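Worksheet: one structure, shown below.
Numbering of residues begins at 1 and proceeds along the displayed sequence. What you see is a predicted model; the values in this text were computed from it and never measured.
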Amino acid sequence: MAELGTRLGKDSHNSSLPPSSDPPVARRTRRLRRRTGRKVGGQTGQRGATLRPVAPPDEVITHAPAQCRACGDSLDPAPATRFERRQVFEAPPARLLVTEHRAETRRCAFCGTATEAQFPAGVSAPAQYGRGLRARAAYLHQYQLLPLARTAEALSDLFGCRLSAGTVHRMTVECAEALSGAEAGIKDAVTAALVIGADETGLRVAGESHWVHVARTDHLTHYACSARRGKEAMDSVGILPAFTGTVVSDALCAYRRHEQSRHALCNAHLLRELIYIKEVCAEQQQWTDPLAKLLLRMKAAAVRVRAAGGRELSAEQRAQFCRRYDRLVTRAAELNPVPTPPPPPGKGLPLRKVPKPARKKNPALPLVKRLRECRQEVLRFVTDLTVPFDNNGSERDLRMVKLQQKTSGCFRTAAGAERFCRIRSNLSSARKQGQPLLAAIEQAFEGGRWLLPPKP
């Protein structure tokens, strides 16, 4: 009962559970974010996005007074002395633009041979949808996460074209096929990066449990779907086995099995675990609170040095942080000693089955062990300022996968999940690099390599 009670005490503020799993009445007693004392909303000096007049406008409509407001005389011959302008930004009425291509056949006057003109590339049917409409269908279905039927309904309302759900599905398949080369480029660029974030999340595919693995940088995102979660699945994706930089991840042991790369642990996970241990046992507060404050102080120091253009903390500051960390971890180990195993039964005693007494588990032991054995991985962001403090970027990239699952429940086929991962990889990378998504998808339908080169 005590173990079940502690398990029910976990939510998003003290564990890795998502906020969507929190109960309606939140039990949060402490936040990871600190109050800054600033007012709510935009801050002083912030560059806003207020709607402002533009010059020149697309259309000018002049409104002239008809008669004098004092004497009532006509003002038609009177010249204008000044004017006041107001601009209205309006979406134009959308409709399909039908372009007819005619391939002429002409007969040579010299030899009499008839020669037919060739249609442009991509114009292959008597009637077909263009790249702009196909790009919008893929955008609404794969990026805005509208189901197939609702995507067809939205296109009908916006452009007056009546599509079936099967047509939208075929457009999505064509988009995924067109982006296969760009996906390979993303994988190669992520593999060649210096620091990446890696994470995974569960996904229902064809009624079974699958996993979506993400490997990302600040400018690139790569998704891959697999039926497995551990090292076998990561090896099949092909990024982590060839990666030689620094991987920022959670405490899943499968990441540490790639020994050719360096590793860094997500300290946001550690902060939530420290809060949980403090709430379960109040006497642990003498090391959990100081350690959490120390980690946040290290993070602030790294941010300051990085903002000032520095490449590393001073040797004295690093040594001071490390000594303080070691003292707190030693105190935690003294408060949470490893239990000794029971002695084996004596010789000559009759063997009989004795029920083992229930042993209360100490939730602090795994964390203390990780803090001692993975000291370099925890403090990697202090010794190398190119490594981030946490792995929140990977969790943000995986958030849309969970939203897709909440919207549609699951993927019916593994091929559909793979198409989703490929298209989302390209769209997420394009968004990070400031690429307009609709124009990017249109270029992909043309067969062009639209992705920007990765920034250093």
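Gln142 places no side-chain N or O within donor-acceptor distance of the main-chain N or O of Arg422, the cut-off being under 3.5 Å. Distance alone, capped at 3.5 Å, places no donor-acceptor pair between the His263 side chain and the Arg257 backbone. In this structure, the side chain of Thr167 does not engage the main chain of Leu163 through any donor-acceptor pair within 3.5 Å. A donor-acceptor pair under 3.5 Å is formed between the side chain of Gln87 and the backbone N or O of Val54. A donor-acceptor pair is defined here as one N or O able to donate and one able to accept, closer than 3.5 Å; such a pair exists between the side chain of Gln260 and the backbone of Phe243. Formation of a donor-acceptor pair under 3.5 Å by the Ser156 side chain with backbone atoms of Ala152 is not found in this model.
To the nearest 0.5 angstrom, Leu146 atom CG is 9.5 Å from Ser408 atom OG. One finds the CD atom of Gln284 at 12.0 Å from the CG atom of Leu291 (value rounded to the nearest 0.5 Å). With rounding to the nearest 0.5 Å, the separation of SG in Cys253 from NZ in Lys231 is 11.5 Å. One distance of note links CD of Gln376 with SG of Cys322; it measures 10.0 Å at 0.5 Å rounding.
A search for ring-ring contact (aromatic ring centres under 6.0 Å, His included) contacts involving Tyr255 returns nothing, not counting sequence neighbours. Applying the side-chain hydrogen bond (donor to acceptor under 3.5 Å, both in side chains) rule to Arg419 yields no partners; only residues at least two apart in sequence or on another chain are considered. Partners of Asp250 under the side-chain hydrogen bond (donor to acceptor under 3.5 Å, both in side chains) rule, at least two apart in sequence or in another chain, do not exist in this structure.
Between Ser226 and Glu232 there is no side-chain heavy-atom pair separated by less than 4.5 Å. A heavy-atom distance below 4.5 Å is found between the side chains of Leu294 and Arg297. By the 4.5 Å heavy-atom criterion applied to side chains, His269 and Glu395 are counted as neighbours. Looking only at side-chain heavy atoms (C-beta outward), Ile186 and Thr221 stay at 4.5 Å or farther from each other. The shortest distance between side-chain heavy atoms of Ile196 and Leu240 falls below 4.5 Å. The side-chain heavy atoms of Glu200 and His213, taken from C-beta on, include a pair separated by under 4.5 Å.
Between Leu274 and Leu295, the shortest heavy-atom contact is CD1-CD1, 4.5 Å. Residues Phe389 and Asn267 share a closest heavy-atom pair of O-ND2, 3.0 Å. Closest approach of Pro363 to Pro366, counting heavy atoms only: O-CD, 3.4 Å. Summarising the geometry of Val387 relative to Ala264, their closest heavy-atom pair is CG1-CB, 3.7 Å, with the distance given to 0.1 Å. In this structure, Gly416 and Thr413 approach most closely via the heavy-atom pair N-OG1, 3.1 Å. Residues Ser429 and Ser425 come closest through the heavy atom pair OG-O, 2.8 Å.
For the pairing with Leu265, the side-chain contact (heavy atoms from CB on, under 4.5 Å) check across Arg380, Arg370, Arg256, Arg375 returns one residue only, Arg370. Residue Asp384 forms a salt bridge (charged side-chain N to carboxylate O under 4.0 Å, His left out) with just one option from Arg318, Arg306, Arg262, Arg311, and that option is Arg262. Screening Lys402, Arg431, Lys432, Arg424 for a salt bridge (charged side-chain N to carboxylate O under 4.0 Å, His left out) involving Asp397 leaves a single residue, Lys432.
No more than 12 heavy atoms of other residues, nucleotides or ligands lie within 6.0 Å of CG in Leu194, so this atom counts as exposed by the packing criterion. Within a 6.0 Å sphere centred on CD of Glu259, heavy atoms belonging to other residues, nucleotides or ligands number 12 at most.
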Checking side-chain contact (heavy atoms from CB on, under 4.5 Å) for the pair Tyr143/Ile441: CA distance, chi angles, key distance, verdict? CA-CA 11 Å; Tyr143 191 77; Ile441 302 177; over 6 Å; no

